[in-house]
**Q** 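Sharing a structure below in structure tokens format, with a few things to ask.
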Amino acid sequence: MQLDETIISRAITESFIKDFLDALEVDVAIVGAGPAGMTAAYYLAKGGAKTVIFERHLKIGGGMPGGGMMFNRIVVQEEGKKLLDEFDVRTEEYQKGYYHADALEATSTICSKAIKAGTKIFNLISIEDVMIRENDRITGLVLNWSATSLAGLHVDPLAMSSKVVIDATGHASEVCHIIVNKIGARLRTEAGKVTGEKSMWADVAESEILGNTREVYPGLIVAGMAANAVFGAPRMGPIFGGMFLSGKKAAEIALEILSKK
Ligand code: 48F
């Protein structure tokens, strides 16, 4: 068979556009394909919700592939290990209650499971705003190619609609910052704003993250490190159990919200 470059180009363009058009109206839009976002996506898709992730970078996994200071291993505690077992990611006990896993195996496996469960992940796309309606209800996201802002080009974005949004943007908690700054949203935190993360304390950070994984504004859930940053809890460094558990809890909250709509 003689290969035809035009057919290759058509296959890529047409199939991408089909997926992109389909992603313009979803049940749940997740911002960030880190460990929390991808875990949430897996459980949402498994639970029957139409789910999409937008990821700014070329690579998926957020802080996970880099492990701890570029030693590409992650550590999980007992509860986190159970989730990795469910994903079929291999772990090895280092010392009682501490398990380590290959950061790339964890990243690629969770990503693959999320996609095979039905999630669409769009990399290289940044969320730069939300879409709103009456009473500043969040009804979707405003997106643009990450390359546009990197190149400093003046290009208008596109928008998509979503019944629920999950901010899984990590330390930056970008969606929460956007709604506080642009629509004066009052988050369900003490001061109504992003509190800001505290310095590292793994034990406290991991024990508080599930409580911080909440609907922080109508239709917006925070997951992963964004949850701790929004509620002023410490960071935890390269222990990842809390990220996976937070992603799972965010999915459960989103499914609950969807069931009431
Ligand atoms: O940072 P990230 O991995 O967040 P996470 O899932 O996990 C945190 C851990 O990696 C680590 C930690 C662990 O113990 O503290 O930091 O909470 O993934 C966040 C992803 O969101 C993307 C970003 O590129 C990263 O891959 N992201 C951030 N802002 C945007 C975005 C945006 N505005 N639009 C699209 N993607």
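Numbering of ligands and ligand atoms starts at 1, following listing order.
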**Q** Looking at F87, is K113 sitting on its ring face, NZ or CZ under 6.0 Å from the six-membered ring centre and within 45 degrees of the normal?
**A** no
**Q** According to the interplanar angle, ranging from 0 to 90°, do the rings of F240 and F244 count as parallel (below 30°), tilted (30 to 60°) or perpendicular (above 60°)?
**A** tilted
**Q** Apart from M131 itself, what residues make up its hydrophobic cluster, given side-chain heavy atom links below 4.5 Å?
**A** none
**Q** Is a side-chain donor-acceptor pair under 3.5 Å present for Y43 with E86?
**A** yes
**Q** Could you pull out the N/O contacts under 3.5 angstrom between ligand 1 and the surrounding protein atoms?
**A**
residue: ligand 1; atom: 3 (O); partner: G63; partner atom: N; Å: 2.8
residue: ligand 1; atom: 6 (O); partner: P35; partner atom: N; Å: 3.3
residue: ligand 1; atom: 6 (O); partner: A36; partner atom: N; Å: 3.0
residue: ligand 1; atom: 10 (O); partner: G63; partner atom: N; Å: 3.4
residue: ligand 1; atom: 14 (O); partner: G237; partner atom: O; Å: 2.6
residue: ligand 1; atom: 14 (O); partner: I239; partner atom: O; Å: 3.1
residue: ligand 1; atom: 15 (O); partner: H171; partner atom: NE2; Å: 3.4
residue: ligand 1; atom: 16 (O); partner: H171; partner atom: NE2; Å: 3.1
residue: ligand 1; atom: 17 (O); partner: M225; partner atom: N; Å: 2.8
residue: ligand 1; atom: 24 (O); partner: E55; partner atom: OE2; Å: 2.7
residue: ligand 1; atom: 26 (O); partner: E55; partner atom: OE1; Å: 2.6
residue: ligand 1; atom: 26 (O); partner: E55; partner atom: OE2; Å: 3.0
residue: ligand 1; atom: 29 (N); partner: E174; partner atom: OE2; Å: 3.3
residue: ligand 1; atom: 33 (N); partner: R56; partner atom: NH2; Å: 3.2
residue: ligand 1; atom: 33 (N); partner: I127; partner atom: O; Å: 3.0
residue: ligand 1; atom: 33 (N); partner: E174; partner atom: OE1; Å: 2.8
residue: ligand 1; atom: 34 (N); partner: I127; partner atom: N; Å: 2.9
residue: ligand 1; atom: 36 (N); partner: R56; partner atom: N; Å: 3.1

**Q** Atom CD1 of I257 and atom NZ of K163: how far apart are they, to the nearest 0.5 Å?
**A** 12.5 Å
**Q** Do the side-chain N and O atoms of T51 and T119 include a donor-acceptor pair separated by under 3.5 angstrom?
**A** no
